[in-house]
Amino acid sequence: MPPQPDVRPLHQPRSREADAHARRWLRAHRQPADVPAIGLAVAGWVLLLPGALLVLAALPGDADPAMPVVGGVLAGIGAALLVWRAGRRRDALRRTARLLPFAEANGLGYAQRALLGPKPAAALREGFDWVARDVLRAPDGAEWGVWRYRLLARRGHEELRGYVELPWAAAAPPAGFVAALRDAPMPLDVEVAGGALTVTARSGWRMDDPAVQALVHRIRTLAAMRDGERQPVAPVPMPAIASTAAGRRQAASALVIGAGVAVAAIAVAVAQSLVRAAG
C-alpha cells in the first residue's frame, strides 16, 4: 500500500530559496532531453549576432540594400528563439521549485525532463520525440508524470498526456480497477503491456496540482490491492531519474538533425544575400 503523499510542499508559496535550490539541482542533473533546448539557444545566438552585424554594416548607407533585410530576418529569428527559450526555462524552474521539494519530502525520484521511451503502452508509443516531463518515481517502481510527444499528422505539434506506469506481472488489471476509475475527474485509459499497468489521461495534467497527486495515489492504491492483501512499499530515498540508453540515442539523433537543419538554414540565408549582392 503506497503511503499517503505529503502534499504540503505543493501548497507552499514560491520563494527565492526554492528557486535557488531548483536552479542548483537542475544544473547538477542535466539530461540528454535538455540537448535540443540548448541547441535552440545556441542557434538563437548564431542567428542573432551575424544578423545584427549585417544590419550594422548596412548603416553607412552605401551597402547592398538586401543586407539590412537579410540581417533583420536572421536577427529576428534568433531573438524569437532566445525569447521562447527563456520563457520555457522560467516555466521549468517554476515547476521544479514546487515538485522537487515534494519529491524530497516523499522519497521520490524526480526529473524535470527525461528520455524514458519507448514505453510498452501503445498510448505512450504514439508519435515521435517522446519526452517524460515533471516525472516522479517511487520505490515500488511506480512512475508518473507528463508524456510529451509529437504527431506528423499535426505537423509536429506538441501533444501531452498525463500517465501513471506501474510494474505489473498479470495479464489484466485487477478486478474492479477500470470501473473504480470511471468517476475520475478526467477520462482515463488503462492498458496492460510489457510488464506494466499504464493509466493515461487524454491530455496533460499539472504535476504540481495536489488534486493530480491525490488521483495518482488513488490509482496506485487500487493497483496495490491483491485479494484484500496490501503490498508493502520500501521507504527508501530514490535517486534522480536518468534517461534510458534508447533515450540518449534519441537525443544524439535529434542533435545531429537539428544541427544539420540549422547549418542548412544559415547557408540558405547567406547564399540568398550573396546572390542579391551579386545582382
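Just so it is clear, the model here is predicted, and its values are computed rather than measured.
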**Asked** Can D208 and R94 be counted as an ion pair, charged N to O under 4.0 angstrom?
**Response** yes
**Side-chain ion pair, D134 and R113, N-O less than 4.0 Å** = no
**Close side-chain approach of P101 to Q12, heavy-atom, < 4.5 Å** = no
**Message:** Are R95 and R133 packed together at the side-chain level, in the sense that at least one heavy-atom pair is separated by less than 4.5 angstrom?
**Reply:** yes
**Minimum side-chain heavy-atom gap H157-L151 below 4.5 Å** = no
**Asked** Say you draw a straight line from CE of M186 to OG of S203; how long is it, rounded to the nearest 0.5 Å?
**Response** 6.5 Å
**Item:** Aromatic centroids of W130 and Y149 separated by under 6.0 Å
**Value:** no
**Message:** Do L10 and Q213 make a side-chain contact, defined as non-hydrogen atoms from C-beta onward lying under 4.5 Å apart?
**Reply:** yes
**Asked** Yes or no on salt bridge (Lys or Arg N to Asp or Glu O under 4.0 Å) for K119 and E126, after CA distance, side-chain angles and deciding distance?
**Response** CA-CA 10 Å; K119 291 288 192 182; E126 188 177 8; over 6 Å; no
**Asked** Any donor-acceptor pair under 3.5 Å linking the side chain of D6 with the backbone of R8?
**Response** yes
**Asked** Are the side chain of W205 and the backbone N or O of D209 linked by a donor-acceptor pair below 3.5 Å?
**Response** no
**Request:** Using a 4.5 Å cut-off on heavy atoms from C-beta on, say whether the side chain of W144 contacts that of M207.
**Result:** yes
**Minimum side-chain heavy-atom gap Y110-I241 below 4.5 Å** = no
**Fill in**
Distance col, row L197:CG vs I219:CD1, nearest 0.5 angstrom, shows 9.0 Å
**Donor-acceptor contact present, side-chain H29 to main-chain W25, <3.5 Å** = yes
**Asked** Knowing that exactly one of V164, L136, T221 qualifies, which makes a side chain to side chain contact (heavy atoms under 4.5 Å, CB included) with V216?
**Response** V164
**Item:** Ion pair R90/D19, N-O distance below 4.0 Å
**Value:** no
**Lys/Arg N to Asp/Glu carboxylate O, E191 vs R125, below 4.0 Å** = no
**Request:** Would you check if the side chain of Q112 reaches a backbone N or O of L26 as a donor-acceptor pair within less than 3.5 Å?
**Result:** no
**Asked** Going by heavy atoms in the side chains, are L222 and L181 under 4.5 Å from each other?
**Response** yes
**Asked** Are the side chain of W147 and the backbone of L124 linked by a donor-acceptor contact shorter than 3.5 Å?
**Response** yes
**Message:** Between the side chains of E159 and R148, is the shortest nitrogen-to-carboxylate-oxygen separation below 4.0 Å, so that they form an ion pair?
**Reply:** no
